[in-house]
Amino acid sequence: MLNHITVNADCHKQSCIFWLHGLGADGHDFEPVVQMLNLPHIKFILPHAPYRPVTFNSGYEMRAWYDIFGLQSDSQQDEAGINDMQATINAMIEAEIADGIPSQRILLAGFSQGGAMALHTATRFDKPLAGVLALSTYLPLKNQLTEKQHPANQQLPIWMAHGRQDSVITLATAQSSRQTLEAAGYAVEWREYDMPHSVCEAEIDDIRQFLLRVLPA
């Protein structure tokens, strides 16, 4: 179980969102966004990724869901690390289900590396989830998707958003992931914004509308 922050803990039996931060950040990073969304009927769990050396950053230790070797589409990927973290997140989801929240009222959200982890985990989870919010991100291990995807989440609502000026994870990388998801049968709701590798106010408004649609009060 990962250390985490919980927002709106008192509504814990209604619905829940796991929100995964980006590389080098922590669970506090999206706390202000959660407050701006103003969705008091949803419990938000914001986990802190463990510290680990990140090859892409010269082995410097930082919070990361898995190791990063490079940001090119053909860069080596940390398959073992991704799958280990998937198992950890699965266990956290199962704990919420055991505590009384139906899987259909649980959503995975994430930004950048956290969004990659959310997409990877949700498409493989063995019980139907409410959806995925994938911000400024990509699908890792995407050539394994058709083999590993679970039929329980074939109808998963996926909302992807990206900045046109993103120089960290390029728009083309995100669009390629979108195409992979669509080819595997997922309905992807796609948004682009005039922003770099970040979030913007218009995006937050759109996120709120999506969350109210898939997790109504």
Side-chain angles (χ1 to χ4, degrees), residues 1-9 12 15-40 42-57 60-68 71 78 81-82 84-86 88-89 92-93 96 106-122 130-140 158-171 173-174 177 191-211 215:
M1 197 68 76
L2 299 167
N3 290 331
H4 58 275
I5 302 154
T6 305
V7 180
N8 301 336
H12 72 284
S15 45
C16 174
I17 292 176
F18 288 90
W19 200 306
L20 310 179
H21 61 76
L23 181 69
D26 64 20
H28 292 285
D29 201 36
F30 274 87
E31 247 186 316
V33 172
V34 167
Q35 303 294 352
M36 287 172 72
L37 289 170
N38 187 27
L39 297 168
I42 300 174
K43 176 166 80 165
F44 289 83
I45 296 175
L46 295 85
H48 307 300
Y51 284 97
R52 69 179 78 224
V54 175
T55 303
F56 182 66
N57 284 345
Y60 184 78
E61 219 173 78
M62 57 178 61
R63 290 196 184 276
W65 303 106
Y66 50 88
D67 196 7
I68 297 273
L71 294 175
D78 178 18
I82 292 167
D84 282 351
M85 188 50 62
Q86 176 196 353
T88 300
I89 297 167
M92 293 183 76
I93 298 170
E96 293 303 308
I106 297 174
L107 181 140
L108 296 188
F111 175 80
S112 194
Q113 195 194 36
M117 207 60 245
L119 281 170
H120 177 87
T121 304
V132 176
L133 191 58
L135 312 178
S136 304
T137 192
Y138 63 97
L139 177 70
I158 298 176
W159 197 91
M160 287 186 80
H162 216 85
R164 296 188 187 99
Q165 289 83 45
D166 195 326
S167 59
V168 179
I169 297 169
T170 66
L171 188 61
T173 297
S177 292
R191 295 281 189 280
E192 290 177 22
Y193 300 91
D194 285 316
M195 63 179 184
H197 193 64
S198 61
V199 293
C200 66
E201 200 169 322
E203 181 185 19
I204 293 168
D205 290 342
D206 292 341
I207 288 169
R208 188 172 192 277
Q209 294 311 311
F210 170 72
L211 294 179
L215 289 174

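Here the structure is a predicted model, which means the values were calculated and not measured.
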Enquirer: Check salt bridge (Lys or Arg N to Asp or Glu O under 4.0 Å) between Glu192 and all other residues, then give those that pass, not counting sequence neighbours.
Expert: Arg164

Enquirer: Look up atom OG1 in Thr170 and atom OH in Tyr138, then write down how far apart they are to the nearest 0.5 Å.
Expert: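 That separation rounds to 11.5 Å.
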
Enquirer: Kindly compute the distance separating CZ (Phe18) from CG (Leu108), expressed to the nearest 0.5 Å.
Expert: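 Nearest 0.5 Å value for the CZ-CG distance: 7.5 Å.
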
Enquirer: Tell me the closest heavy-atom pair linking Gly163 and Leu171, and the distance in Å.
Expert: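 Looks like O-CD1, 4.3 Å.
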
Enquirer: Go through the steps for Leu211 and Trp159 under the test side chain to side chain contact (heavy atoms under 4.5 Å, CB included), then give the verdict.
Expert: CA-CA 10 Å; Leu211 294 179; Trp159 197 91; over 6 Å; no

Enquirer: Looking only at atom types and distance, does a side-chain atom of Ser136 sit under 3.5 Å from a main-chain N or O of Phe111, one as donor and one as acceptor?
Expert: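 The answer is no, because no donor-acceptor pair under 3.5 Å joins these two groups.
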
Enquirer: Restricting to non-hydrogen atoms, name the atom on Asn38 and the atom on Arg208 that form the minimum distance, rounded to 0.1 Å.
Expert: O-NH2, 3.2 Å

Enquirer: Atom CE of Met85 and atom CG of Leu20: how far apart are they, to the nearest 0.5 Å?
Expert: 9.0 Å

Enquirer: Between Ile169 and His162, is there a side-chain heavy-atom distance shorter than 4.5 Å?
Expert: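 Yes, close enough: below the 4.5 Å cut-off.
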
Enquirer: Sequence neighbours left out, what pairs pass salt bridge (Lys or Arg N to Asp or Glu O under 4.0 Å) with at least one residue falling in residues 44-53?
Expert: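 Of all non-adjacent pairs touching residues 44-53, none passes salt bridge (Lys or Arg N to Asp or Glu O under 4.0 Å).
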
Enquirer: Please report the shortest heavy-atom distance between Gly22 and Ser112, naming the atom on each side.
Expert: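 Where Gly22 meets Ser112 most closely, the heavy atoms are CA-CB, 4.3 Å.
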
Enquirer: Is there side-chain contact between Leu23 and Asn57, with at least one heavy-atom pair below 4.5 Å?
Expert: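 Of all side-chain heavy-atom pairs linking Asn57 with Leu23, at least one is under 4.5 Å.
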
Enquirer: Could you measure the distance from the NE2 atom of His120 to the CH2 atom of Trp65? Nearest 0.5 Å is fine.
Expert: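 His120 NE2 to Trp65 CH2: 13.5 Å, rounded to 0.5 Å.
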
Enquirer: The test is side chain to side chain contact (heavy atoms under 4.5 Å, CB included); show your working for Gln35 and Val7 and say whether it passes.
Expert: CA-CA 9 Å; Gln35 303 294 352; Val7 180; 4.1 Å; yes

Enquirer: Would you say that Asp67 contacts Val54 through its side chain, given a criterion of any heavy-atom pair below 4.5 Å between the two side chains?
Expert: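 Counting from C-beta outward, Asp67 and Val54 do come under 4.5 Å.
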
Enquirer: Are His4 and Phe44 near enough that their ring centres are under 6.0 Å apart?
Expert: no

Enquirer: Do Leu133 and Trp19 have side-chain heavy atoms sitting under 4.5 Å apart?
Expert: yes

Enquirer: Judged by atom type as modelled, is there a donor-acceptor pair below 3.5 Å linking the side chain of Gln165 to the main-chain atoms of Met195?
Expert: yes

Enquirer: Looking at every non-hydrogen atom in both residues, tell me the closest pair between Leu37 and Ile204 and how far apart they are.
Expert: CD2-O, 3.6 Å

Enquirer: Can you name the closest pair of heavy atoms from Glu31 and Ile5 and give their distance?
Expert: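 Glu31 and Ile5 have their closest heavy atoms at OE2-CG2, 3.7 Å.
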
Enquirer: Are His21 and His48 an aromatic pair, judged by ring center distance below 6.0 Å?
Expert: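 So the answer is no for these two rings.
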
Enquirer: To the nearest 0.5 Å, what is the distance between CG on Leu135 and CD on Glu203?
Expert: 5.0 Å

Enquirer: Measuring from atom SG of Cys16 to atom CG of Asn8, what distance do you get when rounded to the nearest 0.5 angstrom?
Expert: 10.5 Å

Enquirer: Tell me the closest heavy-atom pair linking Ala116 and Thr137, and the distance in Å.
Expert: N-OG1, 2.8 Å

Enquirer: Less than 4.5 Å apart, any side-chain heavy atom of Leu107 and any of Phe210?
Expert: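 Counting from C-beta outward, Leu107 and Phe210 do come under 4.5 Å.
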
